[in-house]
Amino acid sequence: MDSIDTKRLNDSNTNDREFSGCAVLFLGCSSPEHNNLLSLYKNEQGKFSVFKVIKLTLTDSVGGLEGYEILKLHDADPLLGVELKFMSVPPCQRFLESYACGSLAQFLSQHASRLLTLLDGVVMETQLKAGIHTLDQNLQDLEICLDHIRQSQPVRLRDDEVTQLEQQLQNSYGPPSQPTQELPRNCFLFRNRVFDDRPLTSADQQRFAAHVGRDWKRVGRALQKNCRALKGPAIDNLAYEYEREGLYEQAYQLLGRFIQSEGRSAKLGRLISALEETKLTSMAEIMLGIQPRD
């Protein structure tokens, strides 16, 4: 949302180290003929997958794993309630910005389509509250939303079930790698797995453009560190030139510029490294075709 009043937020004392507050994110599916998130979470076989969808969505929205935690997931029939605690302003602000502009809902839909039995195209429902306040009504003013979250202080510790799911998620990525042998040439590591470091293809370009969404600029900033063609105003120029064509075309042209400039040095490993640097690990999984672990 271009009209979000971020100037007032930046002018206020938003770097308060004592900041803490709570919000409840309600999630659901607008198509009742499909299994909704709440029913899937109540099913022991689907509980972990739903939690992973939520965790990946929040990681993409907040831009990492720091500054917030999930306290509890609860039944808010027909929605699934996710109680969040924020420990500093920046992650809370990024979360609100992502929620307000629709990126959070987009991340949720992508991860749900990939990890759950929901069909592609199913519209996800979201609602955000802090105490008695429904924040969806105040998204034009992030300072008001932050104040409501600050006033809603946590009243509980993290639920034991959430702690168990967090541990299960960490374990799902496998044990730490063992330094048994040197990494082969033309290979790279991701999640302790070895992948061929091949040149990027047009199929990679299309997949990247179809899934990266609004984060294409962040990836471009990471790539530009070692790519002369993306230095200076190049990324902003791409955004302006292809603004009417939308996010897909902007992302497509970004990676195309990288491939054209770098030639055979435009390797998959460089793109995955940029995605890891920008905390878009779920996007890296998509690019590598990694199937989720249950």
Side-chain angles (χ1 to χ4, degrees), residues 1-4 6 25 27 30 53 56-64 91 93-115 118-126 128 136 139-140 142 200-225 227 229-262 266 268 270-290:
M1 282 188 175
D2 295 335
S3 57
I4 292 177
T6 56
L25 176 64
L27 305 173
S30 64
V53 166
L56 291 175
T57 298
L58 291 171
T59 300
D60 288 344
S61 300
V62 175
Q93 180 181 343
R94 289 192 295 269
F95 169 80
L96 286 170
E97 290 172 343
S98 179
Y99 184 85
C101 74
S103 292
L104 185 145
Q106 182 183 2
F107 292 136
L108 177 65
S109 179
Q110 289 176 357
H111 294 309
S113 297
R114 190 165 63 95
L115 299 176
L118 302 180
L119 300 179
D120 290 339
V122 171
V123 179
M124 309 306 294
E125 292 182 85
T126 60
L128 186 62
D136 301 74
L139 293 176
Q140 300 299 323
L142 292 185
L200 291 166
T201 66
S202 59
D204 296 320
Q205 195 176 353
Q206 293 167 9
R207 180 179 293 184
F208 175 79
H211 292 91
V212 73
R214 296 176 182 274
D215 290 310
W216 72 270
K217 275 191 176 183
R218 291 171 55 199
V219 181
R221 305 287 182 209
L223 288 173
Q224 75 175 178
K225 295 177 181 178
C227 177
L230 298 179
K231 297 281 187 182
I235 294 174
D236 291 332
N237 290 343
L238 282 174
Y240 176 78
E241 185 176 354
Y242 295 97
E243 182 178 10
R244 291 188 177 182
E245 285 80 1
L247 294 174
Y248 177 93
E249 190 63 27
Q250 290 171 329
Y252 185 87
Q253 294 295 332
L254 169 77
L255 206 57
R257 182 75 59 86
F258 176 71
I259 293 172
Q260 183 180 15
S261 171
E262 299 295 298
L268 178 62
R270 291 176 68 181
L271 177 59
I272 298 302
S273 178
L275 291 169
E276 288 189 285
E277 181 180 333
T278 50
K279 310 299 183 183
L280 297 174
T281 53
S282 59
M283 181 66 201
E285 290 181 349
I286 292 174
M287 293 303 302
L288 293 170
I290 296 177

With Val219 as reference, evaluate Leu271, Ile235, Leu255 under the side chain to side chain contact (heavy atoms under 4.5 Å, CB included) test and give the passing residue.
Leu271
Where is the tightest heavy-atom contact between Ala274 and Ala222, given as atom of each residue plus distance?
CB-CB, 3.7 Å
Starting at OG1 of Thr57, measure out to CG of Leu115 and round the result to the nearest 0.5 Å.
9.0 Å
Inter-residue atom distance Glu277.CD - Leu280.CG, 0.5 Å rounding
10.5 Å
Any chance you could measure Leu238, atom CG, to Glu243, atom CD, to the nearest 0.5 Å?
12.5 Å
Answer whether the closest heavy-atom distance between the side chains of Gln224 and Phe258 falls below 4.5 Å.
no
Please report the closest heavy-atom contact between Met287 and Arg207, naming both atoms and the distance.
O-NH1, 3.3 Å
4.5 Å side-chain heavy-atom contact, Leu268 and Thr201:
no
Are side-chain N/O atoms of Asp60 and Ser282 paired as donor and acceptor at under 3.5 Å?
yes
Between CG of Leu25 and CZ of Phe95, what distance do you get to the nearest 0.5 Å?
5.0 Å
For the residue pair Arg214 and Leu247, establish whether any side-chain heavy-atom pair is separated by less than 4.5 Å.
yes
Decide yes or no for Ile286 and Val212: does some side-chain heavy atom of the first lie under 4.5 Å from some side-chain heavy atom of the second?
no
Hey, are the side chains of Leu275 and Thr281 touching, using non-hydrogen atoms and a 4.5 Å cut-off?
no
I would like to know whether Asp215 and Thr278 meet side-chain contact (heavy atoms from CB on, under 4.5 Å); could you show each step before the answer?
CA-CA 9 Å; Asp215 290 310; Thr278 50; over 6 Å; no
Closest contact, heavy atoms only, Ala251 versus Trp216:
CB-CB, 3.7 Å
Counting C-beta onward and ignoring hydrogens, is there a side-chain heavy-atom pair between Leu56 and Phe107 closer than 4.5 Å?
no
Has Gln250 got a side-chain atom pairing as donor or acceptor with Ala239's backbone, closer than 3.5 angstrom?
yes
Ser98 side chain to Ser103 backbone, donor-acceptor under 3.5 Å:
no
In Å, rounded to the nearest 0.5 Å, how long is the span from OH of Tyr242 to CD of Glu249?
6.5 Å
Within 6.0 angstrom of Lys217 NZ, more than 12 heavy atoms from elsewhere:
yes
Between Arg94 and Val62, what is the shortest heavy-atom contact and its length?
NE-O, 2.5 Å
For Cys227 and Glu262, work out which heavy atoms get closest and say how close.
SG-OE2, 3.6 Å
Rounded to the nearest 0.5 Å, how far apart are CD of Gln205 and CZ of Arg257?
11.5 Å
Using a 4.5 Å cut-off on heavy atoms from C-beta on, say whether the side chain of Glu97 contacts that of Gln93.
yes
